[in-house]
Amino acid sequence: MQLRDALDDYKRNTGHATRFPAERRTVTGRFSGGDGRLVHVDAGGELRDFGYPLTGLTGLVRSRVGLAVGDEVTWLDEVATEQRYVGETTLIETVHRTDRGRVTRYDATIGDAHITRAAIDVGDDGHANVDPDDLSLVVYARFAPDGRDDRLGQLRYDDAVEVYHDDEHDFLASDTGFSDLRGQLPATFAELLDDAPTDLPRDRDGDRYEEERLSGEVIADVPFENGVATVGTLLTDREETTRGAARDRLAELFDELDDPDALAAAAGGTTPPVPDSVPARESIVADLRVLSLLSAESGLRIAGPDFDPFYATSGGYGYTWFRDDAEISTFALDADDRLGLGLDDWHARSAEMYVATQRPDGSWPHRVWPRNGALAPGWANARIEDGPDVDYQADQTGSVIAYLAQARAAGVDVPDLDRTLVAALAGLDETLAADGRPVVCQNAWEDSAGRFAHTTATFLEAYSELALHGETLDADSLDAASGLDRTALPDDLAAHARDQATRVYDALDDLWVPERGCYALRETPEGAIDDRLDSSTLSLASAHRSFDALGGGDEGEGAGAVDDERLDRLVSHVETVVDGLTHETDDIAGLIRYEGDGWRRAGQRSEKVWTVSTAWGANACAELAVLLADRGDPRAAEMVERARELLAQVSPGGTLCEPTSYLPEQFFDDGTPDSATPLGWPHAIRLATVALLEDELPQFADRVAADD
């Protein structure tokens with residue numbers, strides 16, 4: 001998205017009840033990709049690239065597709081349109097119903113190429129109401145190589161055009177050539193200053209001859225041949241791909257992908273296959289598709305497609321947060337273990353990148369670029385900067401440790417994994433205060449500071465997983481360059497981690513609020529208890545399951561480590577949080593993020609429902625149900641029921657799951673989705689919760705079905 005587009009959107013949407021101006025929304029339409037480039041096909045058919053964080057290439061920032069008879073153009077985003085995924089692939093079928101006939105489009109992103117195949121269908125009487133030979137496909141495309149919309153150039157060929165600035169060279173080609181090709185300059189200063197938005201593309205202006213060559217905007221007329229017109233775009237780096245190789249690559253794709261079946265086969269190879277035996281298969285397929293789409297070749301993922309690159313209303317989403325990413329990795333690892341999804345490559349790539357991006361002090365930075373792990377813009381890098389460490393999100397380090405310990409136990413073997421875990425343990429110790437709780441830092445939602453229950457939960461889980469799986473870790477693997485004190489660590493690291501986990505477990509009592517029957521959101525930097533309900537505290541359920549696996553509880557040898565009083569408090573906490581944060585209207589039902597959440601409300605007075613909070617509620621109830629079931633506690637059945645009720649809201653057909661199969665981050669009360677769509681985190685939680693319920697708690701399925 002360029003500044004011109006942001007200003008144009010600002011003009012169009014200022015004052016809208018549920019739409020924030022200056023954004024490029026993805027709450028409608030679908031994405032194609034999963035093997036590099038990420039292309040959004042809007043519900044009206046507009047193409048846009050969202051893959052810069054994944055590949056470093058900007059590509060298409062705006063486009064339109066139309067149907068022309070002579071000089072008369074019908075833009076396909078202005079007619080009745082239907083869209084779907086083809087099977088379990090990332091191939092998108094979009095059907096446009098025009099007065100000239102029905103146009104069926106297929107869009108597939110293969111590597112750094114995108115193919116659009118458009119076919120004109122005959123009418124009900126067996127004939128189109130216009131001779132197909134008189135028709136052409138009009139393609140308006142604006143490229144921004146190297147993220148630029150100025151100082152661009154074009155090179156023209158018979159069947160292709162190349163748009164370039166410096167390193168990035170973007171190509172648009174047609175299988176049937178061009179009957180006409182022209183360029184145009186972006187919106188002028190006068191147009192930008194005008195109160196009215198600018199409709200693009202403009203008509204040809206003979207006085208602006210330079211627009212033909214000095215912009216990223218092209219308008220191409222593509223002839224139909226036998227009722228079919230196919231165009232392709234390819235994003236390249238000049239040091240990696242010559243222009244001859246780029247044109248050859250597009251020509252090969254036109255030959256190889258010459259029908260919908262071939263496109264579907266190619267697009268099907270970008271996501272993991274799902275065994276037929278997997279339960280809730282539609283949900284699992286959708287989750288793996290989304291996680292594939294959001295992944296870079298490195299294995300790191302963006303949180304979601306970046307709808308707000310100018311930070312108009314947020315801090316951006318097209319980055320890797322180690323909290324989100326590590327929890328996604330953990331959920332995927334658990335689901336794979338239970339359902340046999342064949343995600344070994346995912347687990348290894350994640351572990352390799354966590355090892356590569358760890359800082360010398362054992363922590364992980366706020367956020368990085370997923371394509372290479374380089375530090376990305378952020379506001380919580382206190383461990384890198386001079387000064388106090390308050391602006392540091394310690395829960396991110398805890399989440400990475402928990403994943404790496406579990407991955408190591410599952411057989412994931414990558415270089416320097418043990419050294420990374422030892423350094424992480426030392427770094428975690430540095431941010432654990434003498435009272436057994438993490439020091440003052442930023443929270444999971446990145447909007448306040450304090451000593452949070454959620455951060456404490458991630459420490460409890462990290463220490464517990466290290467205690468469970470760190471028997472052979474060697475403290476001597478800390479090298480001198482790490483900057484960490486080897487002498488601060490004992491020789492028996494697993495025993496040390498167990499002791500630390502017990503300290504954190506005991507210290508949680510400091511956050512118990514008996515009047516509300518729940519754990520507090522945080523202790524403020526000033527030392528006061530903030531007892532608001534917060535969905536992030538639901539992470540205490542999975543953390544206690546990890547701690548419970550250490551054993552040695554009240555019942556002696558073989559018993560869980562969670563005592564009866566703590567279990568009662570945990571049940572009370574989960575029930576209180578779920579009940580207190582539940583919000584239901586005529587259109588949606590789910591959990592709000594926390595009490596008093598004012599973010600992105602627009603004109604809505606109440607807090608918005610979040611999919612990650614709702615999915616977290618389902619997962620917490622399921623995790624707690626396992627703890628209860630292991631003890632023969634009859635409350636397990638009720639927790640399973642609650643888990644399934646919440647899971648239903650974020651599952652296909654639920655009020656928080658869009659017809660696209662996507663989980664947006666948030667919803668307004670009237671059912672309007674908002675913010676990053678799809679968001680990877682709730683998809684991963686949904687994936688793991690389905691697996692947990694089916695694998696660990698099938699004995700309660702009949703009761704739930706009977707109650708339904």
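The shown structure was predicted, so the numbers you read here are calculated from the model rather than taken from an experiment.
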Can you find a side-chain donor-acceptor pair between Thr313 and Glu23 that sits under 3.5 Å?
yes
For Gln666 and Trp599, what are the C-alpha separation, side-chain angles and deciding distance, and is it a side chain to side chain donor-acceptor pair (under 3.5 Å)?
CA-CA 10 Å; Gln666 307 164 35; Trp599 196 52; over 6 Å; no
Residue pairs, two or more places apart or on separate chains, that pass ring-ring contact (aromatic ring centres under 6.0 Å, His included) and touch residues 654-675:
none
So Asp534 and His454, do their side chains get closer than 4.5 Å, heavy atoms only?
no
For the residue pair Phe331 and His683, establish whether any side-chain heavy-atom pair is separated by less than 4.5 Å.
no
For Ser329 and Ser350: C-alpha separation, side-chain torsions, deciding distance, then whether side chain to side chain donor-acceptor pair (under 3.5 Å) applies.
CA-CA 7 Å; Ser329 296; Ser350 293; 3.3 Å; yes
Salt bridge check, Arg437 against Glu523: does any charged N sit closer than 4.0 Å to a carboxylate O?
yes
Is it true that a side-chain atom of Thr455 and a backbone atom of Asp395 form a donor plus acceptor pair closer than 3.5 Å?
no
Could you tell me which residues satisfy salt bridge (charged side-chain N to carboxylate O under 4.0 Å, His left out) with Asp306, sequence neighbours excluded, listed by chain and number?
none
Report the distance from atom CG of Leu343 to atom CG of Leu291, rounding to the nearest 0.5 Å.
9.0 Å
If you define the side chain from C-beta out and look only at heavy atoms, does anything of Phe307 sit under 4.5 Å from Val27?
no
Pairing residues for Tyr319 by the side-chain hydrogen bond (donor to acceptor under 3.5 Å, both in side chains) criterion, not counting sequence neighbours:
Tyr311
Approximate separation, where rounding is to 0.5 Å, of Gln406 CD and Ile401 CD1:
12.0 Å
For Trp379, which residues count as a ring pair (Phe, Tyr, Trp, His ring centres under 6.0 Å) partner, sequence neighbours excluded?
His366
For the pair Trp445 and Trp681, name the ring-plane relationship: parallel under 30°, tilted 30 to 60°, perpendicular over 60°.
tilted
Enter the distance from Thr109:OG1 to His40:NE2 here, rounded to the nearest 0.5 Å.
11.5 Å
Quick one: list whatever passes salt bridge (charged side-chain N to carboxylate O under 4.0 Å, His left out) with Glu46, sequence neighbours left out.
Arg48
May I ask you to decide whether Arg642 forms a salt bridge with Glu638, counting only side-chain N to carboxylate O separations under 4.0 Å?
yes
For Phe31, does its backbone N or O pair with a side-chain atom of Tyr85 as donor and acceptor, under 3.5 Å?
yes
Decide whether Thr397 and Tyr392 meet the rule of one side-chain donor and one side-chain acceptor closer than 3.5 Å.
yes
Do Ile588 and Thr585 make a side-chain contact, defined as non-hydrogen atoms from C-beta onward lying under 4.5 Å apart?
yes
Residue pair Leu339 / Pro279, side-chain heavy-atom distance below 4.5 Å
yes
Kindly write out the residues that satisfy side-chain hydrogen bond (donor to acceptor under 3.5 Å, both in side chains) with Arg367, not counting sequence neighbours, or none if the list is empty.
none
Intermediate values then yes/no, side chain to side chain contact (heavy atoms under 4.5 Å, CB included), Val290 and Arg301
CA-CA 10 Å; Val290 164; Arg301 310 164 186 90; over 6 Å; no
Ignoring hydrogens and angles, state whether a donor on the side chain of Asp325 or Tyr354 is under 3.5 Å from an acceptor on the partner side chain.
yes
Using 4.0 Å as the upper bound for N to carboxylate O, is an ion pair formed by Glu607 and Arg532?
no
To the nearest 0.5 Å, how far apart are CD1 in Ile685 and CG in Asp287?
10.5 Å
Under the salt bridge (charged side-chain N to carboxylate O under 4.0 Å, His left out) test, residues paired with Arg635 that sit two or more places apart:
Asp568, Asp633
Might you work through the salt bridge (Lys or Arg N to Asp or Glu O under 4.0 Å) test for Arg569 and Asp509, ending with a clear yes or no?
CA-CA 10 Å; Arg569 286 186 173 183; Asp509 287 336; 3.1 Å; yes
Please determine, by modelled atom types, if Gln393 and Trp321 share a side-chain donor-acceptor pair under 3.5 angstrom.
no
With Arg24, which residues qualify under side-chain hydrogen bond (donor to acceptor under 3.5 Å, both in side chains), at least two apart?
none
Those residues at least two apart in sequence (or on a different chain) that pass salt bridge (charged side-chain N to carboxylate O under 4.0 Å, His left out) with Arg522 are Asp530
With sequence neighbours excluded, tell me which residues meet ring pair (Phe, Tyr, Trp, His ring centres under 6.0 Å) with Tyr519.
Trp512, His573
Side-chain heavy-atom pair Asp336, Asp344 within 4.5 angstrom cut-off:
yes
Rounded to the nearest 0.5 angstrom, the CG-NZ distance for Asp669 and Lys608 is 10.0 Å
Using the rule side chain to side chain contact (heavy atoms under 4.5 Å, CB included), only one of Val578, Val571, Val577 pairs with Glu575; which is it?
Val571
Once you round to the nearest 0.5 Å, how far does CG of Leu687 lie from CG of Leu341?
6.5 Å
Could you walk me through whether Arg516 and Thr576 satisfy the side chain to side chain donor-acceptor pair (under 3.5 Å) test, starting with their C-alpha distance in whole Å, then the side-chain angles of each, then the deciding distance to 0.1 Å, before giving a yes or no?
CA-CA 8 Å; Arg516 299 202 72 176; Thr576 300; over 6 Å; no
Sub-3.5 Å donor-acceptor pair from the side chain of Ser292 to the main-chain atoms of Gly34, do we have one?
no
Are any non-hydrogen side-chain atoms of Tyr52 and Trp369 less than 4.5 angstrom apart?
yes
Sorted by chain and residue number, the side-chain hydrogen bond (donor to acceptor under 3.5 Å, both in side chains) partners of His544 (sequence neighbours excluded) come out as Arg566
With the side chain counted from C-beta on, respond yes when Ile284 and Leu288 share a heavy-atom pair under 4.5 Å apart, and no when they do not.
yes
Which residues pass the ring pair (Phe, Tyr, Trp, His ring centres under 6.0 Å) test with Tyr463, not counting sequence neighbours?
none
Take Glu623 and Ser542, measure what side chain to side chain donor-acceptor pair (under 3.5 Å) needs, and give me the verdict at the end.
CA-CA 6 Å; Glu623 293 276 4; Ser542 63; 5.1 Å; no
